[in-house]
Amino acid sequence: MVAPILSACIPQRAGPPGAGHRQVDPTAAPRREADVPALPAPRSSWEAQPVTPDAREVSAATYIVERGDTLRGIANKTGAGSEAIARANNLAPPYVIRIGQRLAIPGGRYHLVRAGETGIAIARAYGVDWSRVVTENDLTEPYILRTGMRLLIPGDPRAMTLEERAAAFRLDIDDIVTGGQPAIAERARPTRPTASSARILPPDAAVAPPATLRGGFQWPVRGTIIRRFGPIASGERSDGLKIAVPLDTPILAAADGTVAYVGSEIPALGGLVILQHGSGWTSVYGHAGQLIVQRGQSVKRGQMIALSGDSGTNRPQLHFELRQGRTPVDPLPRLPRP
């Protein structure tokens, strides 16, 4: 069971004044649940802003560029997304267009992104899998939506199966990494990470990930590998390592990074921390019993971010992943030899 130190989806237990601000010494002996200070738990950022599914249906057409037109202005006129128009016409940044140029306007359902909306919430509003929206719109790192964007919503709602609709409500790691950031103004900058878990960023703040991975990765725990990366006997695939460790073992950040997620909304992984490290790298730490960091917090390599538990499984262990972009990769070749 995940201890109350977790995030928004679990009620917090009252503690002594100032408990949420105390630091935990990673060199100290592991402490039991009652000894670990609980942190404040804001609402998950991906659900902070409700989404109204009011997408505009746009028919495929041709548009002739007029004096004063911009790509965003043409998108506003036609209802299609500027990014979709650019892709359909092989336009590259800075998207220069000419008077008299004929542009293909791709048809489809387009959702106008409002402030604070996240990709996950948008996809759920339409009952589609967010990963399909990412692919359809060719979204790339850092996956921060901008207000005024028009996202192409894939699929015909009248032809969707029950299985396809159900998939939209199954949260996974890729969803959180690519669709968990709130939308911000077109020219706004994401919020800088905070160095302390005592300063909680609001759920509508998009957090800037590091630009570049600094140094290599270290082991997050020392223990026995009980499952390796790759195919497993059940026919499924392991996206990382399962490492057996004693209960309440400190879990350490594998590299410098920014906390992208803290919570327990993926049942199979229990208590979960996701860090972004720059250069497209992400690390994942699951089955934690107690979580000690907050979304938007910057952490250093070797810093304690959680204590091990048996949440989402039947024995104390750590689920550890490394991802390059959206692709899980085998952590073993990227870690020091034990």
Side-chain angles (χ1 to χ4, degrees), residues 45-46 81 83-84 86-87 92-93 113 118-123 128-146 149 151-152 154 167-168 170-184 189-191 193 206-220 228-231 236-242 253-263 265-266 268-269 272-286 295-296 298-299 301 305 318-335:
S45 61
W46 68 262
E83 296 81 3
R87 288 194 302 276
V113 177
T118 66
I120 297 172
I122 291 170
V128 299
D129 189 334
W130 169 243
S131 65
R132 290 186 61 197
V133 182
V134 173
T135 302
E136 194 75 28
N137 290 271
D138 198 24
L139 300 180
T140 58
E141 197 178 25
Y143 302 105
I144 296 176
L145 302 178
R146 301 285 177 164
M149 284 181 67
L151 289 177
L152 181 60
R170 286 196 294 267
L171 197 64
D172 61 25
I173 292 169
D174 185 59
D175 291 335
I176 293 171
V177 172
T178 62
Q181 291 268 41
I184 58 177
R189 292 185 177 182
T191 302
V207 182
T212 307
L213 172 68
R214 302 178 64 179
F217 294 102
Q218 71 164 41
W219 286 88
R228 293 177 178 266
F229 178 89
E236 298 177 314
R237 179 183 179 86
S238 171
D239 287 337
L241 304 176
K242 300 283 190 184
D256 292 358
T258 300
V259 181
Y261 177 82
V262 178
E265 294 168 296
I266 302 180
L269 292 179
L272 180 66
V273 179
I274 300 176
L275 304 181
Q276 291 181 302
H277 303 287
S279 305
W281 285 99
T282 301
S283 60
V284 178
Y285 312 77
R295 187 184 82 92
S298 61
V299 296
R301 171 177 162 152
I305 58 176
L318 172 69
H319 172 89
F320 177 63
E321 291 184 24
L322 290 179
R323 294 185 174 225
Q324 174 74 80
R326 299 177 64 191
T327 305
V329 297
D330 187 354
L332 282 178
R334 293 159 180 85
L335 294 170

Kindly state each residue pair satisfying salt bridge (Lys or Arg N to Asp or Glu O under 4.0 Å) with at least one member in residues 129-143, sequence neighbours excluded.
none
Report the residues that fulfil side-chain contact (heavy atoms from CB on, under 4.5 Å) with Pro331, sequence neighbours left out, ordered by chain and then residue number.
Phe229, Leu241, Phe320, Leu322, Leu335
Does Arg237 CZ have over 12 foreign heavy atoms under 6.0 Å away?
yes
Partners passing side-chain hydrogen bond (donor to acceptor under 3.5 Å, both in side chains) against Thr282 (at least two apart in sequence or in another chain)
none
Measure the shortest side-chain to side-chain distance between Asn137 and Glu83 over non-hydrogen atoms and say whether it is less than 4.5 angstrom.
no
A side-chain contact here means heavy atoms from C-beta on lying under 4.5 Å apart; do Glu265 and Asp175 qualify?
no
Minimum-distance pair of heavy atoms, taken over all atoms of Ala121 and Trp46
CB-O, 3.4 Å
Work out which heavy atom in Arg301 is nearest to a heavy atom in Asp256; give both atom names and the distance.
N-OD1, 2.7 Å
Heavy atoms from other residues, nucleotides or ligands near CZ of Arg214 exceed 12 (cutoff 6.0 Å):
no
side-chain contact (heavy atoms from CB on, under 4.5 Å) partners for Ala86, two or more places apart
Leu71, Leu91, Tyr95
Any idea which heavy atoms bring Val133 and Pro154 closest together, and the distance?
CG2-CD, 3.7 Å
Determine the minimum heavy-atom distance between Leu145 and Gly119, stating which atoms define it.
CD1-N, 3.8 Å
Does the side chain to side chain contact (heavy atoms under 4.5 Å, CB included) test come out yes or no for Ile305 and Val259, once each step is laid out?
CA-CA 9 Å; Ile305 58 176; Val259 181; 5.7 Å; no
Which atom of His277 lies closest to which atom of Ser283, heavy atoms considered:
NE2-OG, 2.6 Å
Does Ala206 have any side-chain contact (heavy atoms from CB on, under 4.5 Å) partners at least two apart in sequence or in another chain, and if so, which?
Ile144, Gln181, Pro182, Ile184
Test side-chain hydrogen bond (donor to acceptor under 3.5 Å, both in side chains) applied to Thr178 - qualifying residues, sequence neighbours left out
Trp130
For the CD1 atom of Ile176 and the CG atom of Leu171, what is their distance to the nearest 0.5 Å?
4.5 Å
Of all heavy-atom pairs between Ala208 and Thr258, which one has the smallest distance, and what is that distance?
O-OG1, 4.0 Å
Check for a donor-acceptor pair, side chain of Ser279 on one end and backbone N or O of Leu213 on the other, with a separation under 3.5 Å.
yes
Counting only N and O atoms by type, is there a donor-acceptor contact under 3.5 Å from the side chain of Ser238 to the main-chain atoms of Arg228?
yes
By side-chain contact (heavy atoms from CB on, under 4.5 Å) - contacts of Glu321 (at least two apart):
Ile173, Asp239, Val284, His319, Arg323
Qualifying side chain to side chain donor-acceptor pair (under 3.5 Å) pairs with a residue from residues 324-333, counting only residues at least two apart or across chains:
Asp174-Arg326, Trp281-Gln324
